[in-house]
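Have a look at the structure below before the remarks.
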Amino acid sequence: MLLEFLQDMGDTLRLPVTFVIIEFIGTFAFAISGVRLSSTKQFDIFGAWIVGMATAIGGGTIRDLMLGVNPFWMTNGSYFVCCALAVLAVGMFGKYIIHHNYTWFIFDTIGLALFNVVGLEKALTFGHPYWVAITMGAVTGAGGGIIRDVLMNDVPLIFRSEIYALACVAGGLVYVACLELGLSVEISALLSSFIVILIRILAVKFHWQLPVLKGEDKPSNNESNILRVIILLLSVVSCPLCANAQVQQVFNRNIKTLTLTVDDDPTLPPYLALRGHQHIDIEWDEMSHEYKRYRYHIDHCDWDWQPTDDIFESDFLEGLNDQLIEDFEKSFNTTQIYTHYRLRVPSKEIRLRLSGNYRVRIYEEDSEDEPVLEARFCIYEREAGIIAELSSNTDIDFNDRHQQMTLSVGFGGLQVFDPQRELKVIVMQNRRWDSRIEGLVPNVRKANGIEFTHNRSLIFPAGNEYHRFEILDVHRTATGVDRIDWFEPYYHATLFPAVVDNSYSYAEDQNGVYVVRSSDNYDDWTTAEYVVVHFFLETPRLPGGDVYVSGWWTGQTFNPDCKMEYDAEHGYYHAAILLKQGYYSYEFIQKDGLTQRTMGSFFETENEYEVLVYYRQQGSRYDRLAGYSIMHNAM
């Protein structure tokens, strides 16, 4: 249970489990230092907890804001509990903690060392260079102490003469050097922490200090107050988030090849125009010939994919929910038997009345609380006008590794009085909901619309063109396939190994799309074979977390079945995935959501971008998808 909790925390924070443990220990140590100092000022329990919280999360918050991600403590309430335990510890062991002069120093030094390595690793997982990682390590380690000292009305320790932040820089250099020498991140973190603690102890013992700049005037009270306000504002400011939303999910391992097809075109994204006479087919295979009595349940959801509780089912659904799925067909003449099921929406039995997000859950009869899969799609209106332009001349680089969007949203017939509250604008790249940008704040407001210009939240990694392969016949190789072998009970297709590109080369791809088909091109859904496909990425072991094979066909970006394992003997990452015959495009992505280390990143890359504009008028009971646009960049 504890290991699963830590792994979930690591996935949320985009950190290895080791660093989650380090971050918790550092949080507790820094909280103790803050609570201990507040006790000397005779703060009450709540005040001490606030100071402990500010000390523990302050540096990490500033770091995450600078990295452009959701501050770590907003994703899990355990940090609040950790700080409360620090208050309890001081309360129970106060006579040992409060009355010993070195108690504060010990816990502050431990927190400094541990938070420094957490900041280093988090910056590296986001693909930043070493000098940025060292800076983020120092910010993470020293930031909380600055806020603590400001709250305590003391001169921040970092601004005093004894060595403090410089110890973090030294520890960062050691960490980077260890990684370059091929040591594991755990050993690197241990050595880095040891160096920080050692330098701090020696600096205090032997009074090591940097030269002091001397001037005539002392800073005024007003200047000190301004500094205090700036730091406190940094600790509470919010930023756009990249959420790890899962688009399609399979909960039963016997379910394979979940697909959503709009108007019989498998390359289209799952968006239907309201009253547009379109349909979407939700299809999947159950790996047996035993008939399953599947039923469907459709929910209307808000912009964040939470079920809309303020409307009745009859408001959005015409027809009956929870009906039996009767469109199914068994596989024919295949080595692996399966039954293919299909649900069409809308149909003669059901129609949808409102725009917005829709969630469809499929479950076996009498097991409504245990769905076997979940599919998501959207119905949009054409009320909001969307104009978007893409450029490789971004606010952070020029014709290098990023692409930036300039976006305008027109209100059209919508009555918008407070755009910040009534509109939710979401932008995503290549249909990846984990890369979505939300919480955007317009910098231009007009009577008939809003604009987002020079918005750094709309800067995306350019990435590289997707890899692709095709299996049309299990007896002959095709695009991207080296060989096909038969090993009971499956065919095995070995793909040509991929390498990390050092320069851009155009290759026509489908940005993660897949199409089920065979050479006969006849009744592919029930005659196509299932093949174990072997993926290879030739590269030294990469920093930044686990590597996954990803595409629209994996259902979610970090599908556990698509995680690659590193073979140190042969120097490559490998994954074996059971897939149905057809065309597949895919990329290699790391747990931090980036492909720079696994694929390369080039401004010329062709990407697909989607813009969604949700609208909830004041007093309304649901979120309308008032506008939708899809575009491809042409650099």
Side-chain angles (χ1 to χ4, degrees), residues 254-259 261 264-268 281 283-289 329-340 342 464-501 505-538 548-555 559 561-562 564-565 567 570 572-588 598-599 606:
N254 286 331
I255 302 297
K256 303 293 182 183
T257 319
L258 170 61
T259 63
T261 307
D264 303 317
D265 186 346
T267 66
L268 293 178
D281 290 324
E283 304 177 72
W284 66 95
D285 294 337
E286 197 279 327
M287 302 303 288
S288 75
H289 274 175
E329 187 177 358
K330 295 180 180 179
S331 61
F332 176 73
N333 198 28
T334 57
T335 57
Q336 300 297 316
I337 60 174
Y338 56 87
T339 304
H340 183 72
R342 177 187 292 110
N464 201 355
E465 306 296 351
Y466 280 63
H467 300 293
R468 64 194 188 281
F469 71 90
E470 195 169 35
I471 302 176
L472 299 180
D473 190 325
V474 294
H475 302 292
R476 292 194 299 271
T477 60
T479 303
V481 181
D482 183 15
R483 68 178 190 273
I484 298 178
D485 304 292
W486 168 258
F487 299 107
E488 184 74 28
Y490 296 108
Y491 286 101
H492 289 252
T494 301
L495 306 185
F496 289 106
V499 296
V500 183
D501 292 332
S505 176
Y506 175 74
E508 185 175 354
D509 64 2
Q510 291 293 330
N511 295 324
V513 170
Y514 66 108
V515 180
V516 173
R517 64 182 180 185
S518 62
S519 57
D520 296 334
N521 201 26
Y522 174 76
D523 207 8
D524 295 327
W525 287 113
T526 54
T527 61
E529 291 280 5
Y530 271 89
V531 180
V532 176
V533 181
H534 295 265
F535 297 81
F536 296 91
L537 174 61
E538 291 185 345
Y548 292 78
V549 182
S550 180
W552 181 244
W553 48 273
T554 61
N559 189 325
D561 293 335
C562 301
M564 306 188 79
E565 300 295 335
D567 187 330
H570 297 93
Y572 57 64
Y573 287 88
H574 168 256
I577 306 172
L578 184 64
L579 298 174
K580 205 170 186 177
Q581 277 182 265
Y583 169 90
Y584 292 79
S585 56
Y586 64 96
E587 63 180 352
F588 299 113
T598 57
M599 302 273 291
E606 180 272 329

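One is the number of the first residue; the rest follow in order along the sequence.
Contact annotation: the side chain of T335 approaches that of W486 to within less than 4.5 Å [non-hydrogen atoms, C-beta and beyond]. Within the 4.5 Å cutoff, side-chain heavy atoms of Y491 are placed close to those of H475. F588 is listed as a side-chain neighbour of V549, based on a closest heavy-atom distance under 4.5 Å. Counting only heavy atoms from C-beta outward, the side chains of T598 and E587 never approach each other to under 4.5 Å. In this structure, Q510 and R468 have side chains that are not in contact, with every pair of non-hydrogen atoms separated by 4.5 Å or more.
Applying the ring-ring contact (aromatic ring centres under 6.0 Å, His included) test to W552 and every residue at least two apart in sequence or in another chain returns nothing. Residues passing the salt bridge (charged side-chain N to carboxylate O under 4.0 Å, His left out) test with E286: none are found, sequence neighbours excluded. For Y466, there are no ring-ring contact (aromatic ring centres under 6.0 Å, His included) partners, not counting sequence neighbours. For the side-chain contact (heavy atoms from CB on, under 4.5 Å) test, no residue two or more places apart in sequence or in another chain qualifies with F332. In terms of the salt bridge (charged side-chain N to carboxylate O under 4.0 Å, His left out) criterion, residue partners of D473 (sequence neighbours excluded) are, by chain and number, R476. Evaluation of the salt bridge (charged side-chain N to carboxylate O under 4.0 Å, His left out) rule for D264 yields R344 as partners, not counting sequence neighbours. For H289, there are no ring-ring contact (aromatic ring centres under 6.0 Å, His included) partners at least two apart in sequence or on another chain. Take Y530 and apply the ring-ring contact (aromatic ring centres under 6.0 Å, His included) test, not counting sequence neighbours, and it matches Y338. Partners of D523 according to the salt bridge (charged side-chain N to carboxylate O under 4.0 Å, His left out) rule, which considers only residues two or more places apart in sequence or in another chain, do not exist here. With sequence neighbours left out, D265 forms a side-chain contact (heavy atoms from CB on, under 4.5 Å) with T267, L268.
Scanning both residues, I337 and S331, for their nearest heavy atoms gives CA-OG, 3.5 Å. The two atoms that bring Y514 and L258 nearest to each other are OH-O, 2.7 Å, heavy atoms only. S288 and T339 make their closest contact through O-OG1, 2.6 Å (heavy atoms, listed as atom of the first residue, atom of the second, distance). Across all non-hydrogen atoms, the minimal contact from M564 to F535 is CE-O, 3.8 Å. Minimum heavy-atom separation, H340 to W525: CE1-CE3, 3.2 Å. Closest approach of L579 to V533, counting heavy atoms only: CD1-CG2, 4.0 Å.
Distance alone, capped at 3.5 Å, places no donor-acceptor pair between the E606 side chain and the N511 backbone. Put simply, the side chain of D509 never gets that close to the backbone of E465: no donor and acceptor are under 3.5 Å apart.
The distance from atom OG1 of T554 to atom CD1 of I577, rounded to the nearest 0.5 Å, is 8.0 Å. D567 contributes atom CG, which lies 11.0 Å from atom CD of E538 (distance to the nearest 0.5 angstrom). Atom OG1 of residue T477 and atom CG of residue L495 lie 11.0 Å apart, to the nearest 0.5 angstrom.
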Check your understanding: Going through the checks in order, is the side chain to side chain contact (heavy atoms under 4.5 Å, CB included) test met by M599 and H467?
Key -> CA-CA 9 Å; M599 302 273 291; H467 300 293; 3.4 Å; yes
Exercise for review: Report the C-alpha distance between L472 and R517 in whole Å, list the side-chain angles of each, state the deciding distance to 0.1 Å, and finish with yes or no for side chain to side chain contact (heavy atoms under 4.5 Å, CB included).
Suggested key: CA-CA 7 Å; L472 299 180; R517 64 182 180 185; 3.8 Å; yes
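Counting only N and O atoms by type, the side chains of D281 and T261 include no donor and acceptor under 3.5 Å apart.
For residues 574-585, the side chain to side chain donor-acceptor pair (under 3.5 Å) pairs, not counting sequence neighbours, are D285-K580, H534-H574. The salt bridge (Lys or Arg N to Asp or Glu O under 4.0 Å) pairs that include a residue from residues 480-498 are R483-D485, where partners are two or more places apart or lie in different chains.
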